[in-house]
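Before any comments, here is the structure.
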Amino acid sequence: MAESKLTPNPSGGQESVPPWRDIRIIGIFAQIAFVVLVIMGAMWLLGNVTDNLGRLGGFRCPDGTSSFSCGYNFLKVDSQFDISESVIDYDPSDTYGRALLVGLMNTIKVGVLGIIFATILGVLAGIARLSDNWLVSKATGWYIDLMRNTPLLLQLFFIYFGVILLFPPIRDAIQLGDLPVYLSQRGINMPGPVFLPSFATWLAFVVAGIILAFVIWILLGRREERVGKASNRAFWVVFGFFTVSIIGWFVASNSNKLDQSFMIAKSERILAFTDLADNMERRLGAANLNEIDLMVEEGELTSEEVDEAAYTLCVISESASEVNFTAELRRLNIPYTVNRSTRPDQATAKYAAGECEIYVADTVILTGERPLLEDPFAQAIVPTLERPVRISIPEIEGLNFVGGIKISPNFAALLIGLVLFTGAYIAEIVRAGIQSVSKGQSEAARALGLSESQRLRLVVLPQAMRVIIPPLTSQYLNLVKNSSLAIAVGYPDLFAVAFTTLNQSGQAIQVFLMVMAAYLTLSLSISALLNWYNKRIALVER
Amino acid sequence: MTVTLPATDYSKIISCHNVNKWYGDFHVLKGIDLEVSSGEVIVILGPSGSGKSTFIRCINRLEEHQEGDIIVDGITLSHDVRNIAEIRREVGMVFQQFNLFPHLTVMENVTLAPIHVRKWSREHAEEVAMKWLTRVGIPEQAQKYPGQLSGGQQQRVAIARTLAMEPKILLFDEPTSALDPEMIKEVLDVMRDLAHEGYTILAVTHEMGFARTVADRVIFMDGGVIVEENEPLPFFNDPQHERTKLFLSQILNH
């Protein structure tokens, strides 16, 4: 028998194979069996969901029928719960739908920043791990081991309760050197950009500049091919981009009168913005405002006198006009004090009551404050120059910080935790990637005279990327999914908001389906992006 | 220890004095002395593990020697990174495994160091690269990637890459050992041309034909020492040492 199996069959050996041994038939049968199993599993799950929906009363329309879309009507209902921080405007009178959107945007915020910082940390730590320097390499090794061998939840709790919440209260906030960066129980306050209304105009110019740069790049490239001579492409691309952006900056600063902030002042002498400076010089008897500090030092002027002479401004707190106006005053070294109100009507009331001599408002608000313009005290309405972006610097005022940007302790804990944790894994991936590049590559680079940093940047890292990208993708996905631990440190991410929504509305299945869809979309987007990049850097083989 | 060179020694482009190297406890190089004149072609022979590769890799500091002096073109090889960088600019090296950069095209491979180390403009670097690629006979492959070339072509690109840096000295570390037999000739032809052009060459190779016809001097190393050195004719026809005789009989009579 055994011999007859091995005997070659010259006349169509294919036909004589029984079906249970034919590799093609086995393959088809295995596929059919798999599909049947999947369908059975799916039907069982679907049956469960339908049962539960019937019990919980989901997907029911007001007329008693049941449909998929009716299950999501609750999204239009007011949420009636507050969310501690949000990228977009939100308050409890907004809908569940908007609340979930706030959560999603918070997740994206921590995800994007987390990925950026974890990558930077991971690459640096991965390179440091391979350093010849014993201390650097060992210290990095300890960091990586500590992070990889303890649970993330524990680390988050430690950072939140054991580090950030132990920072001093606001009045004793720790300042980082002379920088305007403050650490306190309420989080981190630091300088940040404030985008004024004319930013949109400028942004349009920047986009135009990028498009122009692309066009120049392509056109010069074609010309190079035609003429056969290289031109200074990079220079013209950069030149084109910056020219358009800089022109846009000035256009946005000057032309957008509608968006500019205005002030109303009680002095007939103030007719233009620079008059504020002249007026102040007269008050202080100083020839030049830049010399105030010197005069105070030399005793010609007391600081009390300066405080006395300072303009008092009525402003709406954290408004673009406040940032814009005070920045201009600081630039001209004009002393001022600020009287902040949260609403325009409070500010105008204070101004009318004589609590301050200058009222600063956005044009839009001003038009709604007509009576103020007819105020007999209002002598001057001066448009101020508005830059598209201002840097706002935090200052302590009473029991809180004013200006700058604020990073909540919850967000800081989550971001730091995710970055440290994921960074450790990325470091190991980067290390493995670098080690996967053969020693010969480094030797060739050194023999050619490349410096150590050039060797790393031009030869080793580009090749290591091929090995790094696939596992890096799963670390990015892990970071985004792990961000759902936000609920542990009180950061309102998608999962936390969804959980509250679910508890209040009772729409468990709908909410979970939405959350799943959201995470799935985020994950697939990251994968798609990195797969595209990976394909682009793949090596060309024959 | 500093070595003061007599004035006549300025013609010596490489001087090695009592070079010693250890890998841990293992003494790889045991007091190598070697003087190389400008334009000289030296072939280093020896069984594997004799330290011949290690020795030429010490010359451009791919390996660090622990004792003795290596002076290349008047520059003493030391821990000073600037000295190392300067020596590497004068010394080109071709490897057994080619070590082309697989993520860069042939043209990018050849222009990488001229642009980033010599700070040439891209146009100039590409012009020079094209000249060298033409010299090694593969100008039409400039836009391909190393993975698309045959072994012999890759090794010729590696030679062009080294030459584009305009070195005075070329180190060949078994340049034909990883090649198929029919590709060895194309690489040896290029090396032969370079030898006739006045480059100073130190080659570790098992190509006896090359050693016989091209070398000015043949050096036989074993166990970390130079056992014998001579001009090719007397070296092959009348070896002095027993070890050399044994080696030659083993590789020539098979």
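Order of the sequence lines sets the chain letters (A, B, ...), proteins ahead of strands, with each chain counted from 1.
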Could you tell me if the side chain of B/Q97 sits less than 4.5 Å from the side chain of A/S438, heavy atoms only? no
Non-hydrogen atoms of chain A under 4.5 Å away: do they reach the side chain of B/I87, the backbone, both or neither? neither
Heavy-atom proximity to chain A below 4.5 Å, by part of B/F95: side chain
CG (A/D132) with more than 12 external heavy atoms under 6.0 Å: no
Any donor-acceptor N/O pair, B/N99 side chain to A/A444 backbone, under 3.5 Å: no
Do B/R88 and A/L448 make a side-chain contact, defined as non-hydrogen atoms from C-beta onward lying under 4.5 Å apart? no
Under a 4.5 Å cutoff for heavy-atom pairs, which residue among B/E126, B/M165, B/H116, B/R122 has the most contacts with chain A? B/H116
Partners meeting side chain to side chain contact (heavy atoms under 4.5 Å, CB included) with A/S451 (sequence neighbours left out): A/S453, A/Q454
Tabulate below the donor-acceptor pairs under 3.5 Å that side-chain atoms of residues 416-423 of chain A make, not counting sequence neighbours, or state none.
residue	atom	partner	partner atom	Å
A/T422	OG1	A/L418	O	2.7

Does A/Q463 use its side chain to pair, donor to acceptor, with the backbone of B/F101 at less than 3.5 Å? no
Could you check if a side-chain atom of B/L104 sits within less than 4.5 angstrom of a side-chain atom of A/L458, using non-hydrogen atoms only? no
With a 4.5 angstrom heavy-atom cut-off, is it the side chain or the backbone of B/R57 that approaches chain A, or both, or neither? side chain
Might you confirm whether atom CD of A/Q31 has over 12 heavy atoms from other residues, nucleotides or ligands at distances under 6.0 Å? no
Pairs of heavy atoms under 4.5 Å with chain A: top-ranked of B/T162, B/L100, B/V94, B/T105: B/L100
Tell me whether A/I23 at atom CD1 has more than 12 heavy atoms from other residues, nucleotides or ligands lying less than 6.0 Å away. no
So which atom in A/A447 and which in B/N60 form the shortest heavy-atom distance, rounded to 0.1 Å? CB-ND2, 3.7 Å
Checking B/H103 side chain against A/R466 main chain: does a donor-acceptor pair fall under 3.5 Å? no
Test item: B/L62 and A/R446 side chains (from C-beta on) under 4.5 Å apart, heavy atoms: yes
